[in-house]
Amino acid sequence: MSEKQTPAYTPSEVEAAARRYWDDSQTFKAIEDASKPKYYCLSMFPYPSGKLHMGHVRNYTIGDVLTRFHRMRGYNVLQPMGWDAFGLPAENAAIKNAVPPAKWTYDNIDYMRQQLKALGFAIDWSRELATCQPSYYRWNQWLFLRMLEKGIAYKKTQVVNWDPVDQTVLANEQVIDGRGWRTGALVEKREIPGYYLGITQYADELLDDLDTLDGWPERVKTMQANWIGKSTGVRFAFSHDVRDDTGALIDDGRLWVFTTRADTIMGVTFCAVAAEHPLATHAARNNPELAAFIEKCKHGSVMEADMATMAKEGLPTGLSVVHPLTGESVPLWVGNYVLMSYGDGAVMAVPAHDERDFGFAKKYELPIRQVIAVGNNAFSTDAWAEWYGSKDGVCVNSGRYDGLGYAAAVDAVAADLAGKGGEKKVQWRLRDWGVSRQRYWGCPIPIIHCDHCGDVPVPDDQLPVVLPEDCIPDGSGNPLLKRDDFINVACPKCGAAAKRETDTMDTFVDSSWYYARYCSVGNDAAMVDERANYWMQVDQYIGGIEHAILHLLYSRFWSKVMRDMGLMSVKEPFARLLTQGMVLNHAWLHKPEGGGKNYYWESEVEVQRDAKGQITGGRLKADGTVLEHELTTMSKSKNNGVDPQALIDQYGADTARFFMMFASPPEQTLEWNDAGVEGAHRFLKRVWNFAQDYTAELRARVPAASTLGKAKLPAALADLRRELHLVLKQASYDLGKQQFNTVASGCMKMLNALEKAPRDGVEAAEVIGEGLSMLLRVLSPICPHITHVLWRDCGFGDDILSAEWPEPADSALVQDEVELMLQVNGKLRGSLRVAADAAKDAIEAAALANESAQKFMEGKPAKKVVVVPGRLVNIVC
RNA sequence: GCCCGGAUGGUGAAACUGGUAAACACAGCGGACUUAAAAUCCGCCGCCGCAAGGCUUACGGGUUCAAGUCCCGUUCCGGGCACCA
């Protein structure tokens with residue numbers, strides 16, 4: 001290192017200078033340009049919760065690295081940013097602090113925008129949007145009305161969580177252990193009307209097009225396919241003669257069921273209906289016990305996870321239905337596990353071959369009849385065995401179906417049921433998307449209720465329906481209900497006094513198309529314009545794996561609707577998807593009696609650990625309350641978010657970005673820990689010092705015209721150059737793989753090599769200059785500020801972003817000899833140096849002649865010699 | 001409960017298409033420089049063993065000349081489960 005005094009690395013100055021340059025030259029303003037390949041890089045926009053947390057830093061740094069990398073490779077790049085600004089947390093903050101959600105949200109946006117700017121992301125801020133702006137959400141309303149016209153949007157009843165004390169609808173998150181979060185009251189299910197979007201009309205396409213998404217992670221596609229859940233089965237009816245008060249047969253005397261296991265139909269020993277099923281309601285009229293049970297089923301959660309884990313309970317209705325093939329009378333039960341929302345709200349039960357039915361039958365002592373045999377396995381009703389549910393068996397005890405396999409039996413049964421109205425049917429697990437929310441801080445649903453005309457769509461020329469921004473929710477329901485100025489309106493059809501719809505849209509609507517709006521920002525005449533067809537598809541979408549299903553499926557659906565309406569030409573919105581792993585942190589919570597869930601900051605907690613440092617528990621410092629511990633994603637509501645601000649203030653944005661990228665590969669879950677930030681900062685200081693030394697000491701010796709690759713270098717320099725180019729090759733490959741942690745370590749390897757390099761002579765200066773310029777360029781997507789300044793200081797150019805991405809030179813990579821690992825029976829016993837172009841025979845001979853190999857062969861003859869070129873030789877004896 | 005992932009030194013991690021396990025760092029230990037400290041630099045650093053060598057990628061099996069990587073089973077941890085976003 002130089003003895004001279006070099007200017008010290010001061011991140012605040014360096015970063016301010018770089019950002020000033022980008023601002024002054026409007027570097028990141030994206031302009032449509034048909035002459036260049038385009039690259040639309042989009043990170044999922046944040047919910048403006050207050051401050052950034054490390055998950056945001058990870059997400060946006062990944063996006064920024066890809067943005068800058070592609071820019072240097074010659075693409076016309078767009079990276080926009082906006083705010084997913086409607087949602088529940090703003091209402092919660094309003095309840096807590098008596099601040100209107102709008103003010104809270106806009107204040108948060110201002111703070112977080114400044115944080116994003118401090119991180120130096122290459123964002124085109126001229127395209128910024130917030131979903132709570134009327135100029136944005138008017139197009140939610142507009143497209144909703146188009147969907148209504150096409151029958152894609154429609155109205156039906158929905159089941160919601162009802163808090164009987166606050167007289168309000170609760171979000172699933174607000175239901176804790178079956179009780180309202182604020183009141184502690186037992187939550188009830190309640191049916192209310194709401195609007196739905198017919199995503200199931202697109203189920204086939206959403207499933208089939210997964211195969212076209214080559215740039216998506218397999219696991220996301222698998223999850224979506226399972227979620228859509230196409231199953232082929234048979235829908236048929238058990239007949240009955242149950243009549244209602246008017247004497248009419250209920251449902252025309254037919255109990256419809258759907259099954260994927262029609263081959264087990266001869267094993268049906270009972271049927272079960274959901275508590276809301278008309279037959280259950282009918283049976284309960286004169287059966288107080290059943291009525292009480294049905295009432296009980298109305299309590300509790302509507303969440304699938306709760307439904308699936310709760311005890312399976314049921315009660316007989318006293319009614320029976322008739323088996324369509326045997327004519328047998330089959331008892332009818334009400335089961336709390338039967339969902340009214342799936343299929344027809346009724347199931348046939350085959351206890352012998354369905355695990356849930358088996359458990360139910362054992363509990364209520366219902367018959368279990370084996371109708372499938374697999375090999376010689378012995379069937380017993382004592383306990384469930386895995387093979388009972390197998391589709392690999394043949395029918396037994398099934399009369400004319402005996403001996404048939406699964407597919408043949410299903411076909412035969414379906415054929416026999418066809419005469420009785422039964423049919424093969426495709427059933428989807430996917431349900432239509434309920435978008436009505438009984439909440440204030442969201443996009444108003446553009447409907448007016450008129451006593452004379454019914455539900456009337458708001459005419460296009462009256463859009464947007466603007467949400468008043470000065471309401472303060474108090475937890476007792478939607479404050480719009482009290483806003484006469486909002487509610488009272490003339491019917492657009494007949495002019496009579498009418499009422500506005502007060503429900504707002506699910507915030508997933510807002511995030512289903514924002515990627516298209518970025519392309520058409522500023523256009524008040526259309527939802528999207530031709531600029532969307534220039535930028536779309538999003539070439540690279542980046543966001544948390546927690547969005548693998550809902551957000552990503554809704555976005556795919558929405559964009560297909562936009563395509564069908566001629567608004568956009570692409571059929572899929574996101575060509576490539578990178579799902580970053582969650583950034584986890586410890587969370588500490590207490591569930592007080594009477595309901596609710598309180599989270600505490602770790603600083604408020606006395607953490608207890610075992611000898612290995614594993615957390616065993618914790619108590620609140622203030623009063624010793626025993627707390628539950630969980631390792632979970634950073635979020636404001638859990639008081640476990642780590643604000644990057646302290647890191648940025650202390651070390652600078654480049655260090656924060658480098659550390660985040662270096663910590664682990666992007667898709668991996670990351671348990672937050674800032675040990676190691678020092679190391680990242682130390683590295684940047686070394687880069688700084690090395691570059692300053694280069695400028696002071698070596699730069700003047702570098703010849704104007706490069707001589708590298710033309711003459712043979714001295715061995716030490718040839719080795720150095722080879723190492724630098726090898727690391728470069730790997731780093732470029734890793735960037736392509738989107739594995740940024742090894743790109744960061746590659747930069748460290750380059751610097752390690754450069755620091756050890758000989759410095760005498762023209763050739764050394766030239767090799768070092770080349771290496772340093774490669775290092776700065778490879779590092780620049782991760783640490784854009786320091787590399788921008790050093791690029792100029794070292795005289796490589798004005799703007800590193802306009803520099804070409806470095807390519808490894810073949811001349812640097814050639815080598816005469818290679819080292820092969822030498823194994824005997826798969827165990828490493830030495831190594832072998834051979835000419836790079838040595839023939840297989842020669843390598844074998846050299847291996848067998850090797851002293852170490854002979855020692856471990858113990859005189860035995862070689863049975864086989866495996867040569868893996870460039871890697872190893874394995875002698876098997 | 002169901003669907004999808006993950007597990008490698010004290011720590012974060014690396015390992016190409018099945019081919020040298022632990023690159024690059026953090027922490028730690030030892031040393032240099034310094035009156036001292038900080039900063040910086042150099043060395044050591046999976047486990048057992050004096051060594052030769054043996055063992056080691058959550059656990060138990062299997063395939064292979066060769067397994068962190070492929071297959072089967074298990075445990076634990078994380079994400080999602082439709083009104084958190």
Side-chain angles (χ1 to χ4, degrees), chain A residues 1 44 46-47 49 84 86-89 92 158 160-161 169-175 217-220 222-227 229 302-310 337 341 355-356 429-439 506-508 511 544-551 553-554 579 581-582 584 612-613 630-633 635 637 659 662-665 667-671 673 675-680 682-683 685-686 689 730 733 737 739 741-742 744-749 752 819-823 825-828 831 863-866 868 870-877:
Chain A
M1 274 288 154
M44 289 181 188
Y47 177 79
S49 57
D84 188 13
F86 276 136
L88 202 52
N92 295 342
Q158 53 179 346
V160 294
N161 303 303
V169 176
L170 297 178
N172 283 339
E173 193 188 48
Q174 297 170 317
V175 179
E218 275 316 311
R219 63 165 154 158
V220 175
T222 306
M223 280 189 264
Q224 291 214 351
N226 291 338
W227 181 263
V302 299
M303 284 179 266
E304 192 195 87
D306 294 334
M307 302 289 282
T309 49
M310 71 187 175
Y337 62 93
S341 55
E355 189 167 6
R356 195 179 52 186
R429 207 189 79 93
L430 182 67
R431 306 198 298 259
D432 276 347
W433 175 12
V435 293
S436 290
R437 296 292 180 273
Q438 296 68 47
R439 268 183 269 295
D506 181 3
T507 58
F508 274 124
S511 55
I545 183 68
E546 76 273 23
H547 294 293
I549 295 173
L550 294 179
H551 163 61
L553 193 62
Y554 291 146
T579 45
M582 309 275 67
L584 307 182
K612 282 182 146 183
E630 53 188 27
L631 192 58
T632 182
T633 64
S635 112
S637 61
F659 175 62
F662 183 60
S664 81
E667 303 221 297
Q668 195 160 304
T669 302
L670 177 64
E671 198 176 322
N673 181 352
V677 175
E678 288 278 357
R682 203 145 46 208
F683 166 67
K685 276 196 277 190
R686 282 167 57 209
N689 291 335
Q730 184 67 44
Y733 177 78
K737 269 203 309 182
Q739 183 173 294
N741 56 327
T742 48
S745 66
C747 292
M748 290 174 151
K749 286 177 189 176
N752 289 348
E819 189 177 30
L820 300 182
M821 292 303 116
L822 178 57
Q823 295 184 335
N825 290 329
K827 283 192 192 289
L828 187 67
S831 67
K863 282 188 212 146
K864 187 172 173 184
V865 180
V866 181
V868 183
R871 293 217 159 258
L872 61 69
V873 186
N874 186 16
I875 300 168
V876 186
C877 64

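Each chain gets a letter, A, B and so on, in the order the sequences are listed, and its residues count up from 1.
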>> Using a heavy-atom cut-off of 4.0 Å across all strands, would you classify A:Arg356 as base, sugar-phosphate, or nothing?
In response: nothing

>> Taking any heavy-atom pair under 4.0 Å as a contact, classify A:Thr633: base, sugar-phosphate, or nothing.
In response: sugar-phosphate

> Would you call A:Ser511 and A:Tyr554 a side-chain contact if the rule is heavy atoms closer than 4.5 Å?
Replying inline: no

> Is there side-chain contact between A:Val220 and A:Thr579, with heavy atoms separated by less than 4.5 Å?
Replying inline: yes

> So which nucleotide does B:A32 pair with, by the Watson-Crick or G-U wobble rule with both distances under 3.5 Å?
Replying inline: B:U40

> Is the base of B:G1 touched by the side chain of A:Glu304 through a donor-acceptor pair closer than 3.5 angstrom?
Replying inline: yes

>> Side chains of A:Asp84 and A:Pro46, heavy atoms from C-beta outward: is any pair under 4.5 Å?
In response: no

>> If the glycosidic angle sits within 90 degrees of zero it is syn, else anti. Tell me which applies to B:G79.
In response: anti

> Which whole-number value in Å describes the distance from A:Lys864 NZ to B:G19 C1'?
Replying inline: 14 Å

> Expressed as a whole number of Å, how far does the C1' atom of B:G43 sit from that of B:C72?
Replying inline: 47 Å

> B:C3 base to A:Asn226 side chain: any donor-acceptor pair below 3.5 Å?
Replying inline: no

>> For the P atoms, the ones on B:C76 and on B:A27, what distance do you get once it is rounded to whole angstrom?
In response: 35 Å

> Do the side-chain N or O atoms of A:Arg871 get closer than 4.0 angstrom to the phosphate oxygens (OP1, OP2) of B:A66?
Replying inline: no

> Given A:Glu667 and A:Arg219, is the side chain to side chain contact (heavy atoms under 4.5 Å, CB included) satisfied, shown in steps?
Replying inline: CA-CA 11 Å; A:Glu667 303 221 297; A:Arg219 63 165 154 158; 4.3 Å; yes

> Partner of B:C26 by Watson-Crick or G-U wobble geometry, both contacts under 3.5 Å, or none?
Replying inline: B:G10

> Tell me: CD1 of A:Ile549 to P of B:C84, nearest whole Å?
Replying inline: 15 Å

>> I'd like to know if A:Arg429 reaches the base of B:C2 with its side chain, counting only an N/O donor and acceptor under 3.5 Å.
In response: no

>> What's A:Ala548 touching, base or sugar-phosphate or nothing? Going by heavy atoms closer than 4.0 Å.
In response: nothing

>> Among B:U20, B:C55, B:G1, which nucleotide has an atom closest to any side-chain atom of A:Leu828?
In response: B:U20

>> Looking at B:A51, which nucleotide sits across from it as a Watson-Crick or G-U wobble partner, both distances under 3.5 angstrom, or is there none?
In response: none

>> Need one value for A:Pro46: base, sugar-phosphate or nothing, where a base atom within 4.0 Å counts as base even if backbone is also close, heavy atoms only.
In response: nothing

>> Without decimals, in angstroms, what is the distance between A:Asn825 CG and B:U20 C1'?
In response: 17 Å

>> Is the phosphate of B:A13 approached by A:Gln668 (side-chain N or O, under 4.0 Å from OP1 or OP2)?
In response: yes

>> Under 4.0 Å, counting only non-hydrogen atoms across every strand here, what does A:His551 touch: a base, just sugar-phosphate, or nothing?
In response: nothing

> Considering only side-chain heavy atoms of A:Trp227, which listed nucleotide, B:G19, B:C81, B:G12, is closest?
Replying inline: B:C81

>> Applying a 4.0 Å non-hydrogen cut-off, can you work out what A:Ser831 is touching in the nucleic acid: base, sugar-phosphate, or nothing?
In response: nothing

> So which nucleotide from B:C26, B:C16, B:A14 ends up closest to the side chain of A:Ala675?
Replying inline: B:C26

> What nucleotide among B:C24, B:G12, B:C84 has an atom nearest to a side-chain atom of A:Met748?
Replying inline: B:C24

> From B:U40, B:A85, B:C4, pick the nucleotide closest to the side chain of A:Phe508?
Replying inline: B:A85

> Looking for any heavy atom pair under 4.0 Å, which part of the strands does A:Leu88 touch: base, sugar-phosphate only, or nothing?
Replying inline: sugar-phosphate

> Applying a 3.5 Å limit to both distances, which nucleotide forms a Watson-Crick or G-U wobble pair with B:C81?
Replying inline: B:G1

>> Heavy atoms only, 4.0 Å cut-off, all strands: where does A:Gln158 land among base, sugar-phosphate and nothing?
In response: base

> Closer than 4.0 Å, any side-chain N/O of A:Thr669 to the OP1 or OP2 of B:C77?
Replying inline: no

> With respect to the side chain of A:Leu631, which nucleotide from B:G78, B:A82, B:A14 is positioned closest?
Replying inline: B:G78

> Can you tell which of B:G19, B:C26, B:C4 lies closest to the side chain of A:Arg219?
Replying inline: B:C4

>> Classify A:Glu667 by what it touches in the nucleic acid, base, sugar-phosphate, or nothing, heavy-atom distance under 4.0 Å.
In response: nothing

> Taking atom C1' in both B:G61 and B:A51, what distance in whole Å separates the two?
Replying inline: 35 Å

> Under a 3.5 Å cut-off for both distances, is B:G19 Watson-Crick or wobble paired, and to whom?
Replying inline: B:C65

>> Using modelled atom types and a 3.5 Å cut-off, is there a donor and acceptor pairing between side-chain atoms of A:Asp506 and backbone atoms of A:Ser436?
In response: no

>> Strictly distance-based, threshold 3.5 Å: is any side-chain N or O of A:Asn161 a donor or acceptor partner for the main-chain N or O of A:Leu170?
In response: yes

> Taking only N and O in the side chain of A:Lys827, is any of them less than 4.0 Å away from OP1 or OP2 of B:A67?
Replying inline: no

> Which value, rounded to the nearest 0.5 Å, describes the distance between A:Met582 atom CE and A:Gln668 atom CD?
Replying inline: 13.0 Å

>> Please report the distance, rounded to the nearest Å, between CZ in A:Phe86 and C1' in B:C84.
In response: 17 Å

>> Please confirm whether the shortest side-chain N or O distance from A:Asn752 to OP1 or OP2 of B:A25 is below 4.0 Å.
In response: yes

>> Rounded to whole Å, please give me the gap between CZ in A:Phe683 and P in B:C24.
In response: 13 Å

> Counting N and O atoms only, with roles assigned by atom type, does the side chain of A:Gln823 sit under 3.5 Å from a partner on the main chain of A:Ile875, one being a donor and the other an acceptor?
Replying inline: no

>> Measuring to OP1 and OP2 of B:C24, would you say a side-chain N or O of A:Gln739 lies under 4.0 angstrom away?
In response: no

> A:Arg431 CZ to B:C81 C1': how many Å, rounded?
Replying inline: 9 Å

>> Side chain of A:Ser745, heavy atoms from C-beta onward: which of B:C4, B:C24, B:U20 has the nearest atom to it?
In response: B:C24

>> From CH2 of A:Trp433 over to C1' of B:C81, roughly how many Å is that when rounded to an integer?
In response: 17 Å

> In whole angstroms, how far is the P atom of B:C81 from the CE atom of A:Met307?
Replying inline: 16 Å

> Using a cut-off of 4.0 Å on non-hydrogen atoms, how would the nucleic acid contact of A:Ser664 be classed: base, sugar-phosphate, or nothing?
Replying inline: sugar-phosphate

>> Regarding A:Glu304 and A:Arg429, does a basic nitrogen lie under 4.0 Å from an acidic carboxylate oxygen?
In response: yes

> Which comes earlier along RNA chain B counting from the 5' end, the contact point of A:Glu819 or that of A:Val677, where each point is its nearest nucleotide?
Replying inline: A:Glu819

> Do A:Ser637 and A:Ser635 have a side chain donor and acceptor closer than 3.5 Å?
Replying inline: yes

> Of the nucleotides B:A14, B:G1, B:G19, which one has an atom closest to the side chain of A:Asn874?
Replying inline: B:G19

>> Need one value for A:Lys685: base, sugar-phosphate or nothing, where a base atom within 4.0 Å counts as base even if backbone is also close, heavy atoms only.
In response: sugar-phosphate

> Relative to the 5' end of RNA chain B, which residue comes earlier, A:Tyr554 or A:Val868, by the nucleotide with the nearest heavy atom?
Replying inline: A:Val868

>> From the set B:A82, B:G1, B:G79, return the single nucleotide nearest to any side-chain atom of A:Asn172.
In response: B:A82

> What does A:Leu430 touch in the nucleic acid at a heavy-atom separation under 4.0 angstrom: a base, only the sugar-phosphate, or nothing?
Replying inline: base

